[in-house]
Amino acid sequence: MKIIMLGAPGAGKGTQAKMLAGKYNIPHISTGDIFRSNIKNGTELGKKAKEYMDQGMLVPDELTVDLVIDRVQNEDCKNGYILDGFPRTIPQAEALTKALSERNEKIDAAVDVEVPDEAIVTRMSGRRACVSCGATYHIVHNPTKTPGICDACGEKLILRDDDKPETVQKRLTVYHEQTQPLIDYYKGLGVLVSVDGTKDLNDVFSDICAILEK
Ligand code: AMP
C-alpha cells in the first residue's frame, strides 16, 4: 500500500503516519525527519535545508524530489510506504506521479487530515520533539511518560525552531499557498480521502484504517 499523508503542519499527520507504518509494516518516510537528521549530522544538504526550515519556508524542490524518488525505490519499499510531508508542492506531486508511472505504480491513497488553522496554532505550541530520534509528542494530547524525556529513546525533548508561534504562522501561509492545491490534485486522481483530524488521535487512526480497508 502506497499512502501519502496530507494536511497542515501540526495536523497530526506524522503521528498517524507512524501508526499506519506500524500497522501495515511498511516504512514511514518523512522528508522533515530526513532533513532534520541531515542538519544534526552537519551534511551539505542539512546546511542548505536549515536556512529554509528555520524561516518556515519550503526546502526547494531540487533538493527534495530526487531524495524521495530514490528512497521509494529501496528494497524496503517493495510492499509500500507512507509518505509524510512529501509531496508539498504540485511540481513535487507531478514528479512523484511520473516516477511511479514509469514503473507502472501509483499512489493508493492520499489521506488529508483536516484541522482548522486556529487549532493548529494551539497544538503546535504544545508540541515537543526528541532531539535525538525525532519522535514528536504533545504536552496535553500525547504526553510522554516522563515530562521532557522521549519515551522511545530517553533523550531530551525540545520545542523545535519551526514550531515556534511566528514560524507556525508562516508555515500555515506556505501550506495554504503551496500544499493545499494537492488536495484537488489527488482528488483528480481519484485517491483522496479526508478525515476529521480534530478528534482524539486513536479515533483519527480508526477512521483512516476504516477508509483504507473499505
Ligand atoms: P515537517 O516535519 O514535515 O513539518 O517538515 C519540517 C520542514 O521541513 C518544513 O517546514 C519544510 O521547511 C521542510 N520540508 C519537509 N518536507 C518538505 C518538502 N516535501 N518540500 C519542501 N520542504 C519540506
Side-chain angles (χ1 to χ4, degrees), residues 2-18 20-21 27-41 43-72 81-100 107 110-113 115 117 120-121 123-138 142 157-183 185-186 197:
K2 300 182 186 68
I3 301 171
I4 287 175
M5 300 304 292
L6 296 174
K13 61 183 181 331
T15 305
Q16 297 298 329
K18 281 191 198 104
L20 287 168
H28 164 222
I29 302 173
S30 154
T31 38
D33 284 353
I34 296 174
F35 290 137
R36 280 184 288 277
S37 114
N38 274 273
I39 292 173
K40 199 171 151 224
N41 294 326
T43 69
E44 271 313 304
L45 174 64
K47 281 180 203 146
K48 287 185 192 151
K50 189 174 187 332
E51 287 172 32
Y52 298 92
M53 289 169 75
D54 283 353
Q55 297 179 59
M57 289 161 66
L58 294 187
V59 177
D61 290 344
E62 310 82 88
L63 297 178
T64 312
V65 170
D66 292 348
L67 187 85
V68 178
I69 307 274
D70 285 352
R71 177 67 186 85
V72 298
Y81 42 82
I82 319 273
L83 287 180
D84 164 18
F86 183 95
R88 256 185 163 95
T89 64
I90 292 283
Q92 289 182 10
E94 288 173 344
L96 178 66
T97 303
K98 183 165 172 279
L100 290 179
I107 291 299
V111 181
D112 181 27
V113 182
V115 177
D117 282 9
I120 297 276
V121 176
R123 275 187 186 193
M124 300 268 268
S125 57
R127 193 148 93 155
R128 296 293 179 271
C130 174
V131 284
S132 179
C133 73
T136 51
Y137 303 91
H138 191 281
N142 182 23
L157 302 182
I158 51 155
L159 176 65
R160 284 181 352 205
D161 281 343
D162 61 347
D163 284 344
K164 294 189 172 148
E166 57 284 11
T167 320
V168 169
Q169 208 51 60
K170 171 75 186 161
R171 291 174 73 194
L172 280 172
T173 307
V174 168
Y175 168 75
H176 290 299
E177 285 173 6
Q178 302 195 55
T179 308
Q180 214 171 15
L182 295 180
I183 293 174
Y185 178 84
Y186 285 106

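Each ligand, and each atom within it, is numbered from 1 in the order the structure gives. Everything numeric here is computed off the predicted structure, so don't read it as measured data. Excluded from the calculations below are hydrogen atoms, water molecules and symmetry mates; all remaining heavy atoms, backbone and side chain alike, are included.
- Remark: ligand 1 atoms within the under-4.0 Å shell around heavy atoms of Q92 are 18 (C), 19 (N), 20 (N), 21 (C).
- With ligand atoms numbered from 1 in the order given, ligand 1 contributes 16 (N), 17 (C), 18 (C), 19 (N) to contacts under 4.0 Å with heavy atoms of G85.
- Looking at Q92, its side chain does come within 3.5 Å of a backbone N or O of R88 through a donor-acceptor pair.
- Looking at M5, E51, Q55, R88, it is R88 that brings a heavy atom closest to atom 15 (C) of ligand 1.
- What you find for I69 and A99 is that their closest heavy atoms are CD1-CB, 3.5 Å.
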Dump the intermediate steps for side chain to side chain contact (heavy atoms under 4.5 Å, CB included) on K40 and S132, then the final yes or no.
-> CA-CA 9 Å; K40 199 171 151 224; S132 179; 4.1 Å; yes

Report the C-alpha separation of D33 and H28 in whole Å, then their side-chain angles, then the decisive distance to 0.1 Å, and conclude whether the side chain to side chain donor-acceptor pair (under 3.5 Å) test is met.
-> CA-CA 10 Å; D33 284 353; H28 164 222; 4.7 Å; no

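- Heavy atoms of R171 found under 4.0 angstrom from ligand 1 belong exclusively to the side chain.
- Taking atom 21 (C) of ligand 1 as the reference point, the nearest protein heavy-atom neighbour is V59 O, 3.1 Å.
- Short contacts between ligand 1 and D162, defined as distances under 4.0 Å to a heavy atom of the residue, involve ligand atoms 6 (C), 7 (C).
- Considering only non-hydrogen protein atoms, atom 23 (C) of ligand 1 sits nearest to F35 CE1, 3.8 Å.
- The shortest contact between atom 11 (C) of ligand 1 and any protein heavy atom is with M57 O, 3.6 Å.
- No hydrogens or angles considered: nothing links the side chains of Y137 and T15 as a donor-acceptor pair under 3.5 Å.
- Under 4.0 angstrom from ligand 1, the non-hydrogen atoms of L58 come from both its backbone and its side chain.
- Those atoms of ligand 1 that come under 4.0 Å of a heavy atom in R36, given as number and element, are 2 (O), 6 (C).
- For the side-chain contact (heavy atoms from CB on, under 4.5 Å) test with I4, the passing option among I82, L182, D84, L96 is L96; the others fail.
- For atom 16 (N) of ligand 1, the nearest non-hydrogen atom of the protein is T31 OG1, 2.7 Å.
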Evaluate the criterion side chain to side chain contact (heavy atoms under 4.5 Å, CB included) for residue pair T167 and D161; output intermediate values, then yes/no.
-> CA-CA 8 Å; T167 320; D161 281 343; 6.0 Å; no

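- Side-chain atoms of S125 and D163 form no donor-acceptor pair, as typed in the model, at a separation below 3.5 Å.
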